[in-house]
Amino acid sequence: GNITEEIRADDDNSPSEFDGKPTEKKGGLFVEFNTILTSQLDTQRVYYEARIREIEQQQLEHCQKRQVEVTEKEDAVNHLEDEFRAVLTEVCRVSDVQKNLQVEYEHKLTEKMKAQEINDSLAKTNEVYRKQFEDEETKLRDHKKQLQHDCQELEQQLKDLEFFVKTSRKFKESGLQEEMKGSSMLLSGNVSGHSRKLKRLANKRKR
């Protein structure tokens, strides 16, 4: 800036070309100005070139950093996708297992219902058999009582028959034939009655 002002001042104070004086001083100032200007331009060029390289290096490093971040994020996204697919596969597997368990549960429930129906039927059958058994047991008790009663009657009849036989022998031995006629008629009726009862008892035992 000072050099430019100095040159301008020299131009104002210097004589014109028509004066016929030499212009050596003016030419020297132009040379010095060009030298200084060239030096400043070179300095600025070097500065801005270095600045540009620095900015380019920063941009390159920034791009590389961003590329690393993008790569890491892509890897993270891929990892999440793999995990998601694995979880989805597991969910499908669990769903299949759940369906199989549901089918098995329904099958077991059906079997349980059938078993319950069979148990109910068996319980009814057992009740019928128990009733029949009780009826048969009652009949057997009654039949046993009847048999005991018949046996008692037969024992009594056998005693009467033995008494008749013994008495008949005594009568025969003592020669009391006339007295035996009436008693024999009475005892013969009892013996025939005893025979009928014995036959009836035998028939009952066969049944």
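Quick note: residue numbers are just sequence positions, from 1. Excluded from the calculations below are hydrogen atoms, water molecules and symmetry mates; all remaining heavy atoms, backbone and side chain alike, are included.
Contact between T38 and N34 at its shortest, heavy atoms only, is OG1-O, 2.6 Å.
In this structure, OG1 in T167 is found 10.0 Å from CG in D160, a value given to the nearest 0.5 Å. Between atom CG of residue L147 and atom NZ of residue K145 there is a gap of 12.5 Å, rounded to the nearest 0.5 Å. To the nearest 0.5 angstrom, Y129 atom OH is 10.0 Å from L122 atom CG. Atom CG of L161 is separated from atom CG of L154 by 11.5 Å, given to the nearest 0.5 angstrom. Here L37 contributes atom CG and F30 contributes atom CZ; the two are 12.0 Å apart, rounded to the nearest 0.5 Å. Once rounded to the nearest 0.5 Å, the distance linking CG of L88 with CZ of F84 reads 5.0 Å.
The side-chain heavy atoms of E56 and L60, taken from C-beta on, include no pair separated by under 4.5 Å.
When atom types are taken as modelled, the side chain of T43 and the backbone of S39 share a donor-acceptor pair closer than 3.5 angstrom.
Between R130 and E134 there is a salt bridge, since at least one side-chain N of the basic residue sits less than 4.0 Å from a carboxylate O of the acidic one. With respect to the salt-bridge test (charged N to carboxylate O, under 4.0 angstrom), the residues D82 and R85 qualify. Under the 4.0 Å criterion applied to side-chain N and carboxylate O atoms, K166 and E162 are not assigned as salt-bridge partners. Between R66 and E69, at least one side-chain N (NZ, or NE/NH1/NH2) sits under 4.0 Å from a carboxylate O, which counts as a salt bridge. With salt bridges taken as basic N to acidic carboxylate O contacts below 4.0 Å, one links E54 and R51. K114 and E117 are not joined by a salt bridge, as no carboxylate oxygen comes within less than 4.0 angstrom of a charged side-chain nitrogen.
For the residue pair Q44 and Q40, no side-chain donor N or O sits within less than 3.5 Å of a side-chain acceptor on the partner. For the residue pair Q146/D150, the side-chain donor-acceptor check at 3.5 Å is satisfied. For the 3.5 Å distance criterion, the side chains of H149 and E153 qualify, holding a donor opposite an acceptor.
Residue Q102 forms a side-chain hydrogen bond (donor to acceptor under 3.5 Å, both in side chains) with just one option from E104, Q98, K99, E106, and that option is E106.
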Original post:
What do the steps show when you test E111 against H107 for side chain to side chain donor-acceptor pair (under 3.5 Å), and what is the final call?
Top reply: CA-CA 6 Å; E111 289 183 349; H107 179 67; 2.6 Å; yes
Original post:
Yes or no on side chain to side chain contact (heavy atoms under 4.5 Å, CB included) for V77 and E74, after CA distance, side-chain angles and deciding distance?
Top reply: CA-CA 5 Å; V77 170; E74 288 179 350; 5.6 Å; no
